Amino acid sequence: MLKEAFIGELLGRDDLIGSRVRVCGWVHNIRDVGRIKFIVLRDRTGFIQGVVKAGESPGEAVEEAGRLKLESVVCIEGLLVRGRAREGVEVKVDSVEVLSTPVEPLPLEPDDSLKSILATRLNYRWLDLRNPRVTKIFLLEAWVAGKFREYYSGEGFVEIFTPKIVAAGTESGAEVFPVIYFGREAFLAQSPQFYKQFAVIGGLERVFEVGPVFRAEPHHTTRHLTEYHSLDIELGFIEDYNDVMDYVEGFFRNLLTSLTRDETIKPIVEEFNVEVRLPREVPRISIRDAYKILEEEYGKKIPYGEDLDSEGERLLGDYARRVHDSDLIFITEYPWKVRPFYTMRIEEEPEWTYGFDLLYKGLEVVTGGQREHRYSKLLENLEDKGLNPESFKFYLDFFKHGAPPHGGAGMGLERIVMQILGLENIREARLLPRDPERVTP
RNA sequence: GCCGCGGUAGUAUAGCCUGGCCUAGUAUGCGGGCCUGUCAAGCCCGUGACCCGGGUUCAAAUCCCGGCCGCGGCGCCA
């Protein structure tokens, strides 16, 4: 390896002071004070200052240092000494090795990239990503996905990998991207829904998946992407959908608790200056109660039996915080008319379902519910939705040979990250966002 | 998909409403120079822009129309 250690690994290591180190990274800043040059190197873990002095440092190093540009990729070597730099230590440089240097002026300065509009930042995302604050978003995202895997693996869930090229859309209504599959029409999966049910029915019982999903909806909002990452779970032998919510809640408790305790992630939370609240209890209120709360406490009228709009969700987020001291709130028993056909309906009140959403800081981040596992009921549901059972034959067949009662949920990774950090636009939480206008870079 | 707002150097902005004093200002970057402890380094010099097309007018960055692109709200959703 050209590089022996991350910058962060060299900082705060008193035992290394006085020894020779090699540091590789990007030139973050050059402060040329006449015969002394200060070179600030950056990698994803931090900054370190190198000092080159004319007359003192080897002539070759001085010459090379003079040729550096911002964002040149270099390795410097020298003694690690206590210095007057912010980091407490600095490198007395005796060798500068330039690995790559910009061939054109920078269209965006990483250090200042946040001053640019998002569109420009996304056009030059490889530079924007070097902004330490932006880097941290993706370190957190990786950590969240890791926590998801860790939590559910620990609860006996099996990770699955389902097809992303599929023959039919999952939910009626939501638009899919068609692809030409050897001359036939196929689609990009908008959800692993059918296949995670398949895996449960196939005897894996408890499964999870982390994967991309695709939605051909022309949304122009700060919280939609046409390609995002879904954290999915599905589990069999549930008594009712509260079992599903228990597992969702368990994950969020674990996540938020770790967020406040994990030393590796604390600096990120601090950088964004966000408060992480651990709820004592996560309220579960039926949507019918939510209608009442919205009307009585906020004067907001949602037509009975209709879905919540985004303002309603924001207000319920406020309600949860005010009344229950919780950033999280489950809304349950969604109306049948706004839920997909595979959702289990309440036997005595078939206009309502065992479907729920979880709002985090007033934004829907999870959707889930108990699924209909009875073949005949599924047929009824399809008929009720005016859907043709023929188009769902491959799915219906799963249910012909023994399917346990089951349910599950899907969580939006980017939305979770966005809400944790208080980002204003979901594109910030996507490395290379896809939206109705953008397919590059 | 419907509705609204916007497009000025590489980047971010001022100017636009109330057309002329705009040879388009500022910051940062970039190029050059000075400076032996900077840390948003500083100082001096230079570089570089009105999205495209049409119209109104003596005169358009500025007003009008069309296009393209961007941003946001709603619907819908994670």
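Chain letters run A, B, ... following the sequence lines, proteins first and then strands; every chain starts at 1. These numbers come from a predicted model, not from an experiment.
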Could you check whether A/K115 gets within reach of a base, just the sugar-phosphate, or nothing at all, counting any heavy atom under 4.0 Å? sugar-phosphate
Report task. Using a heavy-atom cut-off of under 4.0 Å over every strand shown, decide if A/V213 touches base, sugar-phosphate, or nothing. Result -> nothing
**Message:** I want to know whether A/Y304 and A/W352 have ring centres closer than 6.0 Å.
**Reply:** yes
Donor-acceptor pair under 3.5 Å, A/E109 side chain vs B/G10 base:
yes
Between CE of A/M411 and P of B/C77 the distance, given in whole Å, is 19 Å
Side-chain ion pair, A/E77 and A/R20, N-O less than 4.0 Å: yes
Winner on side-chain proximity to A/F38, out of B/G37, B/U11, B/G70, is B/G37
Check: Regarding A/D384 and A/W336, is there a side-chain donor-to-acceptor distance under 3.5 Å anywhere?
Finding: yes
With rounding to the closest Å, how many angstrom separate the P atoms on B/U26 and B/G46? 11 Å
### Message
Taking the C1' atom in each of B/A27 and B/G20, what is the distance between them to the nearest angstrom?
### Response
28 Å
B/G37 base / A/E90 side chain donor-acceptor hit below 3.5 Å: yes
- Can A/R415 be said to sit on top of A/Y360's aromatic six-ring, NZ or CZ under 6.0 Å from centre and within 45° of the ring axis? no
Margin query: Please report the distance separating the C1' of B/C58 from the corresponding atom of B/C52, rounded so that it comes out in whole Å.
Written below: 26 Å
Atom NE2 of A/H224 and atom C1' of B/G73 are separated, to the nearest Å, by 13 Å
query: Is A/N425 touching bases, backbone alone, or none of the nucleic acid, heavy atoms closer than 4.0 Å?
result: sugar-phosphate
Of the listed B/C76, B/G1, B/A78, the closest approach to the A/P218 side chain comes from B/G1
Give A/T221 one of three labels, base, sugar-phosphate or nothing, depending on what nucleic acid heavy atoms sit under 4.0 Å from its own. base
Sorted by chain and number, sequence neighbours left out, salt bridge (charged side-chain N to carboxylate O under 4.0 Å, His left out) with A/K69 holds for none
Rounded to whole Å, the CG-P distance (A/L308 to B/C77) equals 11 Å
Note: for A/R427 and A/E414 on RNA chain B, the residue whose nearest nucleotide lies more 5' is A/R427
From the candidates B/G31, B/A12, B/C77, the one with an atom nearest any side-chain atom of A/K69 is B/G31
Nearest-nucleotide check on RNA chain B, A/N29 vs A/H220; residue mapping nearer the 5' end is A/N29
Of the candidates B/G1, B/U36, B/G70, the side chain of A/A119 sits closest to B/G70
By the 4.0 Å heavy-atom rule, please label A/L225 as base, sugar-phosphate, or nothing. base
Between B/A78 and B/G67 - P atom distance, rounded Å: 35 Å
Does a side-chain N-to-carboxylate-O contact under 4.0 Å join A/R215 and A/D435?
no
From CG of A/L359 across to P of B/C77 the rounded distance in Å is 14 Å
When rounded to whole Å, the CD to C1' distance for the pair A/E87 and B/C39 reads 9 Å
### Message
Do A/I30 and A/F38 make a side-chain contact, defined as non-hydrogen atoms from C-beta onward lying under 4.5 Å apart?
### Response
no
Residues at least two apart in sequence or cross-chain that pass salt bridge (charged side-chain N to carboxylate O under 4.0 Å, His left out) with A/R42, listed by chain then number, are A/E71
Q | Gap in Å between the two C1' atoms, one belonging to B/G1 and one to B/A59, rounded | A | 43 Å
query = So what does A/V365 hit on the nucleic acid, given a heavy-atom distance under 4.0 Å: a base, only sugar-phosphate, or nothing?
reply = sugar-phosphate
### Message
Please report the distance separating the P of B/C50 from the corresponding atom of B/A9, rounded so that it comes out in whole Å.
### Response
7 Å
Among the nucleotides B/U36, B/C35, B/G72, whichever has the atom closest to the side chain of A/I36 is B/U36
Of the listed B/G70, B/C74, B/U11, the closest approach to the A/R314 side chain comes from B/C74
Side-chain atoms of A/D309 come closest, of B/C77, B/G75, B/C71, to B/G75
Q) When rounded to the nearest Å, what value does the distance between C1' atoms of B/U28 and B/C16 take? A) 24 Å
>> If you go through the side-chain atoms of A/Q49, does one of them form a donor-acceptor pair with the base of B/U38 closer than 3.5 Å?
In response: yes
For a quick test of reading the model: is some side-chain N or O of A/T222 closer than 4.0 Å to OP1 or OP2 of B/G73? yes
Here the distance between atom P of B/C69 and atom CD1 of A/I117, to the nearest Å, is 16 Å
From NZ of A/K53 across to P of B/G37 the rounded distance in Å is 9 Å
Legend entry - Sugar-phosphate only, base, or nothing, as touched by A/E424 at under 4.0 Å among non-hydrogen atoms: nothing
Any carboxylate oxygen within less than 4.0 angstrom of a Lys/Arg side-chain nitrogen, looking at A/K196 and A/E209? no
For RNA chain B, consecutive-pair runs of 3 or more (Watson-Crick or G-U wobble, both H-bond-type distances under 3.5 Å) give B:1-7 with B:68-74, B:10-13 with B:25-28, B:29-34 with B:42-47, B:51-55 with B:63-67
Does A/H219 get its side chain close enough to the base of B/C76, under 3.5 Å, for a donor-acceptor pair?
-> yes
On the six-membered ring of A/Y342, is A/R371 placed so that its NZ or CZ lies under 6.0 angstrom from the centre and within 45° of the ring axis? no
Is a side-chain donor or acceptor of A/K300 paired with a backbone partner of A/L315 at a separation under 3.5 angstrom?
no
> When all nucleic acid strands are considered with a 4.0 Å heavy-atom cut-off, which category describes A/L231: base, sugar-phosphate, or nothing?
Replying inline: nothing
Taken to the nearest whole Å, CH2/A/W126 to P/B/G10 is 16 Å
With respect to the phosphate group of B/A78, does any side-chain polar atom (N or O) of A/T367 fall under 4.0 Å of OP1 or OP2?
yes
Measuring to OP1 and OP2 of B/G37, would you say a side-chain N or O of A/R82 lies under 4.0 angstrom away?
no
Indicate, yes or no, whether a donor-acceptor pair under 3.5 Å links the base of B/C35 to the side chain of A/R31. no
